[in-house]
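Because the structure is predicted, anything quoted here is derived from the model rather than measured. Every chain is numbered from 1 and lettered A, B, ... according to where its sequence line falls, protein lines coming before strand lines.
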Protein chains: 2
Amino acid sequence: MTQTYSISDLARELDITTRAIRFYEEQDMLCPERRGLERVYCAKDKVTLKLILRGKRIGFSLAECKELIELYDPGHGNRKQLETFMQKIAERRTQLAQQLLDIEQMQIELDTAEERCRAALAQTATN
Amino acid sequence: MTQTYSISDLARELDITTRAIRFYEEQDMLCPERRGLERVYCAKDKVTLKLILRGKRIGFSLAECKELIELYDPGHGNRKQLETFMQKIAERRTQLAQQLLDIEQMQIELDTAEERCRAALAQTATN
DNA sequence: GCTTACCTTTACGTTAACGTAAAGCAGTCA
DNA sequence: TGACTGCTTTACGTTAACGTAAAGGTAAGC
């Protein structure tokens, strides 16, 4: 028994709108089964959606997310394509590494900001 | 002798357009000196710009970046405001922590993707 | 004096990623 | 037999973050 979902099931569970899900399908990032007109989603579709959402949280565009999705399933590639894939994977790695640095730096800056806030609060303690 | 910069100095150095810099000013994220009509930027402005760019790299909106900039200089706040600041800092920390998780997960997925690519390449080695 | 290189402002254009109606079909509950 | 509820499609609207063009001011160099 393979688990399936309606569009609003997924919308509820992943906390997005049905409109967004349909939009991702328009962009060829999803291709759910149909029962009549109704969309029927499977587990893989849910994984794809989670990948999209994760990508978005770290600032990836949908185009970039789509690339990631395609990278994740390189079955149908010839040698040339596969090498392109490897190339893109390397690029993403570089990007992720930079983002890690950026986040660490931000955390340091938040430390500083918090420190200053505490100091200012100490000054204004008598208000 | 405090270092100053023209708008195109900064554009070159930070690899953005002058249009973008002016746009950030429109959004009250910068407020450079003027010599006549010309904008004259100081070191602090450059730091602000770097903060903006760093924020963008990890998917922050300009509005969020602006908030960060304001957090970074809490001098003029009363108690209430400072507490709001502390709150916002905490929220950002949570967000950054989530992003770290997301990036780690992505890296794992890239590992998988690369693995599959290698496998597919091995299969197609005779082409 | 003319060109070239920067700088300025104003203003309309563009892309991404959906939001928001509008209009309609399918099952179900009172 | 309505009235919901949930699904569908089509299509126009919206916001963010600039791009791009128009029109012009100023200083340097030939």
Practice prompt. Nearest whole angstrom, please: distance from the C1' of D:dA21 to the CZ of B:Arg22.
Written response: 13 Å
Worksheet item: Going by heavy atoms in the side chains, are A:Cys42 and A:Glu33 under 4.5 Å from each other?
Response: no
Worksheet item: Looking at D:dA17, D:dC7, C:dC6, which one has an atom nearest to any side-chain atom of B:Leu62?
Response: D:dA17
Fill in: B:Arg79 bridged to B:Glu83 by N-O distance under 4.0 Å
yes
Worksheet item: Between B:Leu53 and B:Asp15, is any pair of side-chain heavy atoms under 4.5 Å apart?
Response: no
Worksheet item: Taking the six-membered ring of B:Phe60, is the NZ or CZ of B:Arg92 close enough (under 6.0 Å from the centre) and on axis enough (within 45°)?
Response: yes
Response to the item:
Whole-Å distance, B:Ile52 CD1 to D:dA16 C1', equals 14 Å
Worksheet item: Is there a donor-acceptor contact under 3.5 Å linking the side chains of B:Tyr5 and B:Lys46?
Response: yes
Fill in: Residue among B:Lys50, B:Arg93, B:Arg54 satisfying salt bridge (Lys or Arg N to Asp or Glu O under 4.0 Å) with A:Glu109
B:Arg54
Worksheet item: To the nearest Å, how far apart are B:Met29 CE and D:dC18 C1'?
Response: 13 Å
Worksheet item: Whole Å only: how far is the CZ atom of B:Phe23 from the C1' atom of C:dC12?
Response: 15 Å
Discussion item. Would you say B:Ser6 places a side-chain N or O within less than 4.0 Å of OP1 or OP2 belonging to C:dC6?
Written reply: no
Discussion item. Between B:Leu96 and A:Leu110, is there a side-chain heavy-atom distance shorter than 4.5 Å?
Written reply: yes
Worksheet, complete the sentence: Axis-to-axis angle for the helix from C:dG1-D:dC30 to C:dA30-D:dT1, ends of five pairs each, to 10°, equals 10°
Worksheet entry | DNA chain D: 5'-proximal contact among A:Glu26 and B:Ile21 (nearest heavy atom) | A:Glu26
Item to complete: Starting at atom CD of A:Glu33, determine the distance to atom P of D:dC7, rounded to an integer number of angstrom.
Response: 17 Å
Discussion item. Please confirm whether the shortest side-chain N or O distance from A:Tyr24 to OP1 or OP2 of C:dC18 is below 4.0 Å.
Written reply: yes
Practice prompt. Round to a whole Å and report the spacing from CD of A:Glu25 to P of D:dC7.
Written response: 14 Å
Worksheet item: Which listed nucleotide (C:dC7, D:dC18, D:dT8) is nearest to the side chain of B:Ile7?
Response: C:dC7
Worksheet entry | Which residue lies more 5' along DNA chain C, comparing A:Lys56 with B:Tyr41 via nearest heavy atoms | B:Tyr41
Worksheet item: Less than 4.0 Å between a side-chain N and a carboxylate O, is that true for A:Arg35 and A:Glu38?
Response: yes
Item to complete: Check every strand shown and say whether A:Arg34 touches a base, only sugar-phosphate, or nothing at a heavy-atom separation below 4.0 Å.
Response: sugar-phosphate
Worksheet item: Between D:dC7, C:dA17, C:dC7, which nucleotide gets closest to the side-chain atoms of A:Ser8?
Response: D:dC7
Fill in: Protein-nucleotide distance (B:Leu37, atom CG; D:dT26, atom P), rounded to Å
8 Å
Worksheet entry | Members of residues 12-19 of chain B that approach DNA chain D, where some heavy atom sits under 4.0 Å away | B:Thr17, B:Arg19
Worksheet item: Whole Å only: how far is the CZ atom of B:Arg35 from the P atom of C:dC7?
Response: 11 Å
Worksheet item: Choosing from D:dC18, D:dT9, C:dT8, which nucleotide comes nearest the side chain of A:Arg39?
Response: D:dT9
Worksheet item: With B:Arg116, which residues qualify under side-chain hydrogen bond (donor to acceptor under 3.5 Å, both in side chains), at least two apart?
Response: none
Practice prompt. Evaluate the side chain to side chain donor-acceptor pair (under 3.5 Å) criterion for residues B:Asp102 and B:Gln98: first the C-alpha distance (whole Å), next the side-chain angles of each, then the deciding distance (0.1 Å), finally the verdict.
Written response: CA-CA 6 Å; B:Asp102 289 328; B:Gln98 175 64 55; 3.0 Å; yes
